[in-house]
Amino acid sequence: MRVYHSDVLCMGAGLAGERVAVEAAQAGFSVICLSIVPPRRSHSSAAQGGMQAALGNSIMGEGDCPEIHFNDTVKGSDWGCDQEVARLFANTAPIAMREMAWMGVPWNRVVPGEHTYFKGGKPFQAMEKKENEGLIHSRAFGGTAKWRTCYTSDGTGHAVLFTLDNRMLQLGVEVHDRMQAEILIHNGERCMGCVARDLRNGELVGYFAKATLIATGGFGRIYRATTNAVICDGGGQITALETGVVPLGNMEAVQFHPTGTVPTDILVTEGCRGDGGTLLDVNQYRFMPDYEPEKGELASRDVVSRRMTEHMRKGLGVKSPYGEHLWLDIRHLGEKHITTNLREVYDICMHFLGVNPIHQLIPVRPTQHYSMGGVRTDKDGAAYGLRGLFSAGEAACWDMHGFNRLGGNSLAETIVAGRIVGEKVVEFLKGGVSDFSSQALDDAAAQVQGRIGALRRGRGEDCYTLRNAMQDVMMEHVGIFRNGKDLQTGVDKLQDILARCKTMRASHGGGELSMALRVPGMVKLALCVAYGALQRVESRGAHAREDYPERNDKDWLVRTLATWKEGATLPTLNYEKVTPFFILPPGDRGYGSGKIIPGKLEDGDIVSFAQQV
Amino acid sequence: MGRNLKFEIFRYNPLTPDIQPCMRTYRLEEHPSMTLFIALNMIRERQDASLQFDFCCRAGICGSCGMVINGRPGLACHTQTCDLPNHIALHPLPVFKLLGDLCVDTGVWFRNMGTKIESWIHTAKAFEPSVPEERMDNALANHIFELDRCIECGCCVGACGTARMREDFIGATAINRLARFHIDPRDNRSPADFYDIIGDDTGIFGCMGLLACDNVCPKNLPLQDQLGIMRRMVTIESVRGIIPAFIRNKLQGCGCKQKC
Amino acid sequence: MIASSFPAGARSRLDFWQVASGAILALFICVHLILEGSVVISPKLTDGIAWLLEATCVAQIAAPCLVLLILFHFWIAARKMPFRAGELGVFVRHSRCLREADTWLWLVQVFTAVVILAGAFFHVYTVMTDLPITVAGSAKRLHSGWMAFHAVFLPCVILHTGIGIYRLAVKFGICSKAARNRVRATIWIVMGCYLTLGTLALSRVWFLE
């Protein structure tokens, strides 16, 4: 077996992974990045919107500061976030954005003079200041008090990822692409690297590292309808979960977007509905006003998603070979509006659906979008349970998003957390001595070999059947609308699927085996989501229980920690305090009306924004 | 009911060299809004699990799924079957190392290219966390992004006659990348530096102006214009010391009204 | 940014010389064909021009220079030609798959280059060993079998020159992407005009008596 040694091993080479790698390489440490795809194809590149940072250069962001950004983030999280981390994030974000400008990101800049902007679909005039000319500009995103989203046209993720990867080339960071991390090498206390499978030839490769980083992104592919790339299968979280000692945090917190297109699940922006688009059912009847007489299609993301699901459950969805969906109608907005203000939507419909939205209806359905949960880490990005294991980005539950993340915060998190965690990794490397156990490597490799052997001998179902079964369960029972009965059914079915995985077969070495090796882990992640959701008897942010519609700050101001004991059929759930202290005490978010069962705070729990603890 | 599509797909696995490369036929019923991404996955899940191909974002952003579709390089994920005839032939991109069936190793190729052309900002300035960012004209930022939109799918290289004949040719994508750094004021490389990187037949002078790169680019990058700008700059640089400066300056400014 | 000192390192200027020699040759062809075309108006005019060029020794000096220039141009440009085993096959297969006009145009360029290289030598040799240049002399040569040669040679020269100018404009960014289709159409029209003029001139000389 080929074995590599390095100071840092980054599993995943998207924005978060590369930012950590750059930080470590700049400090002179050797870094190897593993990636299933060439780094520039990472799903980070697909993020179009932007990164939130309180720079306050644009006129609509005037007076912005990290504290306001912090407040927005905490409210957005429905008080489910770690406020210490959220503060750290808000304070570091502006520096991280400037640093990316220095590295070469072509951020859009302030152009002085009068401009026409849109708010709620309505145009208005604003005057950009002369003295801010050429500084980083910002645009509007949902749930924020100020316009603070830094952007490069409609390709922020792409531009930042390419810039970071250029920096990687400059620093000579080693990248091993087409590598699928299968298992962590550890001794129950310390993480020593991982065993990966080379997707070029199926060989197993050992990686010893003093510090190992999980930055593999989200796990959206446990759902059938997801905006995530096909590689977002939670590979990193699976390796952490399977150690039995590293907990995953808040796995039940999964964000859905109402208007993913069918069949390819590419998002069309909320702007469609903001500008007057309507949702229609199989009879081309506009159903939203029946559920939400006041707001109709413009109710919040989670509410619209839930109502759409409810309507489809009544049998009023449109049947298609790709599953049920509803229609989004923007025809009445007219050709000019569609081809100018909604050009992106127009392009997606024309290129990927073959639908002309000027004359035709757009097939849409609620679609999984983001996983707030992930490998639980402390504020330094160090995973619980194993020394030398770190995590950053969507893969982590660093926990600045709590139960709902704001648009623009996830992309910013990758760079900001990458910078902070990178520094901490460097500190860790400078401080520690390490020894590698070849026994641990052999054990890990033997385990993977064992799995591959079992798949080769398997006589049961193939991986696609089992994966599809899991995805269907997640869509049907652990979707947007959750209730005890459905969740219990979901958990039962998933347990059955997990049992069936034992006899799974994979007769071909290529893509099928890669998928087959992932499926049992994905089912475990799915069980963490479903079981965590079943146990959390309240509604908070994206986790909406029909049978417990209120936010319960009295009993549930806690974070779920899921670990998986060897041989278990369910995760073990523990809970921890949601935040070490409160800067913003729990209150009303100011949108998405819902009942709150208030909790009690001690005096010592509350600190000011500037106060360090 | 939809059409009955006939797919002819190139099959070869370098790990089993005894099995000769061949075209295998699959049949599939067409559905509305079907893209090659959907079709290929259906074939793999229902007919032939051994079929290898690459997809990632399936939204035309990541550049994983470049392949030759009925003779022309393109992105499979944003190619709809309804735009193709009943008979669809799929080949892997040429030039790149074949990994199996429709998979090619664009990753290593592009990494080598990036290293070779030093695809990063060359600056002597260090980052100052406490200082506001350097100012930049927004139009210039947009112009840089316009060239930065390349997704490294490799279609331009696969469509390039020069790259087909000369393995060491650097490709339009590399020259476009350098053009991006050329206009970026943060990068302080001079024409002489660019000359050293691409001033030979593996670089810009290898380009024969066939322009298929420009025509197949799925992101509609202005490759032709960038090739022209870079070629002119590097050519003029090549005759420094032979042609007087005032003529060179004159030549530099001629032609299209693009920023040079 | 451009310093006046001679830059260090081995400089590759072949591309510059290829373009420069090509541009001079193209200019020559354009003028040459128009002067030859004057026979359509009157053979006497053509004889007069020929006499003038010979009396000033321009023709005698230019002819061997041009042959050398053609050789030089070919020698430089040939580094791109598909000489090596299999290259031509790869390129032709590539062109057939791709169905791209500009890729085909390059093949035309290669083919006509070979024709011109051989043809130019014979053309210059026969003309320059039969001084003075007169329309009557040309007519005699045409009837003695050179008509077939010109029927092939003339279109090749016009194609190679026209495509060459177009590709020069495209390669050096003189013709932008936006203008490409327009420029290509214009070039085809101009080539058509030259071909018509050449054909007219040839028939005028052919039917002189």
Side-chain angles (χ1 to χ4, degrees), chain A residues 37-43 45-46 95 97-99 101-104 106-111 133-137 152-153 155 158-159 162 165-167 169-170 175 177-178 200-202 229-231 262-264 266 320-322 348 351-355 363 462 464 507-512, chain B residues 13 15 31-35 37-38 44-45 49-64 77-78 80 82-83 99-100 105-108 110-111 114-115 118-121 123 125 127 129 131-138 140-142 144-145 148-149 151-152 184 186-187:
Chain A
V37 292
R40 291 177 193 223
R41 314 216 186 288
S42 304
H43 197 47
S45 69
I95 299 171
M97 298 309 130
R98 288 191 190 121
E99 191 172 27
W102 169 78
M103 274 188 211
W107 295 116
N108 276 90
R109 306 298 179 126
V110 175
V111 180
E133 180 172 10
L135 295 176
I136 297 172
H137 195 234
T152 52
S153 194
H158 171 91
F162 270 51
D165 200 53
N166 284 340
R167 181 83 179 140
L169 288 172
Q170 184 182 6
V175 171
D177 66 3
R178 291 179 189 267
R200 286 183 168 80
N201 53 23
V230 295
I231 55 169
V262 182
T264 32
I266 302 168
S320 85
Y322 311 109
I348 289 170
H351 286 136
F352 293 95
L353 306 177
V355 164
D462 66 30
Y464 301 113
S507 27
H508 297 284
E512 192 189 17
Chain B
N13 188 347
L15 298 178
H31 297 304
S33 296
M34 186 184 254
T35 62
F37 164 70
I38 294 168
R44 179 153 80 184
E45 290 182 25
S50 69
L51 182 63
Q52 298 183 61
F53 50 78
D54 286 327
F55 282 103
C56 180
C57 75
R58 49 92 185 91
I61 295 165
C62 77
S64 294
C77 72
H78 84 173
Q80 295 171 57
C82 63
D83 295 333
L99 295 175
D105 199 342
T106 46
V108 167
F110 275 97
R111 263 201 124 58
T115 310
E118 302 187 5
S119 161
W120 54 81
I121 298 273
T123 178
K125 288 182 193 149
F127 173 63
V131 179
E133 63 275 18
E134 257 182 63
R135 290 169 196 255
M136 182 186 266
D137 180 43
N138 190 53
L140 177 59
N142 277 328
I144 294 172
F145 178 68
D148 225 1
R149 277 170 41 241
I151 54 171
E152 300 197 343
D184 195 324
R186 292 168 291 198
D187 191 300

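Below, read A as the first sequence line, B as the second, and so on, with proteins coming before strands; counting in each chain starts at 1.
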Exercise. Does a salt bridge link B/Asp54 with A/Arg41, judged by any charged N lying under 4.0 Å from a carboxylate O?
Worked result: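 No, this pair does not count.
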Portion of [X] that has a non-hydrogen atom of chain A nearer than 4.5 angstrom:
X	value
B/Glu118	neither
B/Ile151	both
B/Val108	both
B/Cys56	both
B/Ile121	both
B/Asn13	neither
B/Ser64	both
B/Arg186	side chain
B/Asn142	side chain

Is the ring pair [X]/[Y] parallel, tilted or perpendicular, if the boundaries are 30 and 60 degrees?
X	Y	result
B/Phe145	A/His158	perpendicular
B/Phe37	B/Phe55	perpendicular
B/His31	A/Tyr322	perpendicular

Side chain / backbone / both / neither for [X] at chain B, heavy atoms under 4.5 Å:
X	answer
A/Pro39	side chain
A/Phe162	side chain
A/Met103	backbone
A/Asn108	both

Exercise. Run the side chain to side chain contact (heavy atoms under 4.5 Å, CB included) check on B/Met136 and B/Asp184 step by step: do they pass?
Worked result: CA-CA 10 Å; B/Met136 182 186 266; B/Asp184 195 324; 4.0 Å; yes
Problem set entry | Donor on one side chain, acceptor on other, A/Asn201 and A/Arg178, under 3.5 Å |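 No donor-acceptor contact under 3.5 Å links the two side chains.
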